[in-house]
K.L.:
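Dumping the structure here so I can ask a few things about it.
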There are 2 protein chains.
Amino acid sequence: MSSYEDNIENIKCNVIHQDVVDSVSNKMIELDTAGELAEFFKVFGDSTRLRILYALSLSEMCVCDIAAVLGTSQSAISHQLKVLRQMRLVKYRRDGKVIYYSHDDEHITEIFRKGLEHINETK
Amino acid sequence: MSSYEDNIENIKCNVIHQDVVDSVSNKMIELDTAGELAEFFKVFGDSTRLRILYALSLSEMCVCDIAAVLGTSQSAISHQLKVLRQMRLVKYRRDGKVIYYSHDDEHITEIFRKGLEHINETK
DNA sequence: GACACATATGAACGAGTATTCATATGTTCA
DNA sequence: TGAACATATGAATACTCGTTCATATGTGTC
């Protein structure tokens, strides 16, 4: 049993193909852009938000109605609508006490469709 | 100051438009499906995974090369590749000691493109 | 102005998760 | 067989995030 502390530095990961690494690095997405993109997709990564977006693809709706359809508390819906608003995925209009939400992005439906295609294919 | 404990039940959220709620409920996405879809999009909600997927869209790569391009530890990359594998987003082939990863889904590029369109429009 | 109601929001709590560290597995080569 | 290396993985830690609870804000009505 030899002391492995001496050469612990050797137990690491080396670049195998420098040409591939260089080529990919040049065309690589910016770290900031990847961050923004991740933030965007993160919004779709929660079933409550997903269902809100789906419901709104069917009809403009007020907060109480969304809560009723999803069977979720008004507060939870409201918190999530704030996220969707900040991501510019939904817009709203006020009519008296009631606030109506609707989609604010034409990509949502397309992204949904691609996602559904994926999970249906891999079953 | 009256006791509000008596009618605290009244402070709640009521359905405003029963017709809309019924109509949307009928066409609503299944809870299970929404869950699966959320799990799928959750994968795109992390910048490390996003950058791995982006890198792989440019070229098939081994784990060490991916780590080099991203400037991340081999272990972190390996953990995330496991997630991507389980989601059937990447596949791999072994060549001796080296394992090469590549895309396993044609929807990835499309979904990326839609996401980028969104964040570019809302700037 | 007082009340009812639709919606928003801050704080707290619990659940989930990305990374790190240490180590295991699997393969090549001598 | 044993050293070297590419990759995988379990456990621990730190951080993020969704919901709940309590309450605030804003609007219409009497």
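What's counted below: heavy atoms across the whole structure, side chains too, no hydrogens, waters or symmetry copies. In the text below, chain A, chain B and the rest are named by the order of the sequence lines, each starting its count at 1.
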K.L.:
From OH of Y100(A) over to C1' of dA6(C), roughly how many Å is that when rounded to an integer?
P.N.:
11 Å
K.L.:
Can you give me the closest heavy-atom contact between E60(A) and V20(B), atom names plus distance?
P.N.:
O-CG1, 4.3 Å
K.L.:
How long is the line joining CG of L84(A) and P of dG18(D), in whole Å?
P.N.:
10 Å
K.L.:
Do any side-chain nitrogens or oxygens of Y101(B) fall under 4.0 Å of OP1 or OP2 in dA8(D)?
P.N.:
yes
K.L.:
Take the protein atom CD of Q80(B) and the nucleotide atom P of dT17(C), then report the distance between them rounded to whole Å.
P.N.:
11 Å
K.L.:
Just so I know, are the side chains of I66(A) and V24(B) near enough to count as touching, which here means a heavy-atom distance under 4.5 Å?
P.N.:
no
K.L.:
State whether F44(B) and R49(B) meet the cation-pi test: NZ (Lys) or CZ (Arg) under 6.0 Å from the six-membered ring centroid, and within 45° of the perpendicular axis.
P.N.:
no
K.L.:
So is the aromatic ring of H79(B) stacked onto the base of dT19(C), judging by whether the centres are under 5.5 Å apart and the planes are under 30° apart?
P.N.:
no
K.L.:
OP1, OP2 of dT20(C) versus side-chain N and O of S73(B): anything below 4.0 Å?
P.N.:
yes
K.L.:
On DNA chain D, check which nucleotide each of K42(A) and C62(B) is closest to and give me the residue with the more 5' one.
P.N.:
C62(B)
K.L.:
For the side chain of Q74(A), counting heavy atoms from C-beta on, which of dT7(C), dT9(D), dT20(C) is nearest?
P.N.:
dT7(C)
K.L.:
Answer with yes or no after comparing the ring centroid distance for H17(B) and Y100(A) against a 6.0 Å cut-off, counting only values under it.
P.N.:
yes
K.L.:
In whole angstroms, how far is the C1' atom of dT17(C) from the CZ atom of F44(B)?
P.N.:
18 Å
K.L.:
I need the CD-P distance between E39(B) and dA15(C), as an integer number of Å.
P.N.:
17 Å
K.L.:
Counting only side-chain N and O atoms of R85(A), is one of them less than 4.0 Å from OP1 or OP2 of dT7(C)?
P.N.:
no
K.L.:
Nearest nucleotide by nearest heavy atom, which residue falls closer to the 5' end of DNA chain C, T48(B) or S75(A)?
P.N.:
S75(A)
K.L.:
Rounded to the nearest angstrom, tell me the gap between atom CG in L81(A) and atom P in dA8(C).
P.N.:
7 Å
K.L.:
Among the nucleotides dT9(D), dG18(D), dA8(C), which one has an atom lying closest to any side-chain atom of I99(A)?
P.N.:
dA8(C)
K.L.:
Report yes if the side chains of D104(B) and L89(B) come closer than 4.5 Å at any heavy-atom pair, otherwise no.
P.N.:
no
K.L.:
How long is the line joining CG of D95(A) and C1' of dC5(C), in whole Å?
P.N.:
15 Å
K.L.:
Does a nitrogen or oxygen in the side chain of R94(B) sit under 4.0 Å from OP1 or OP2 of dA6(D)?
P.N.:
no
K.L.:
Between R93(A) and dT7(C), is there a side-chain N or O to OP1/OP2 distance below 4.0 Å?
P.N.:
no
K.L.:
Roughly how many Å is it from CD1 in I16(A) to C1' in dA4(D), rounded to a whole number?
P.N.:
12 Å
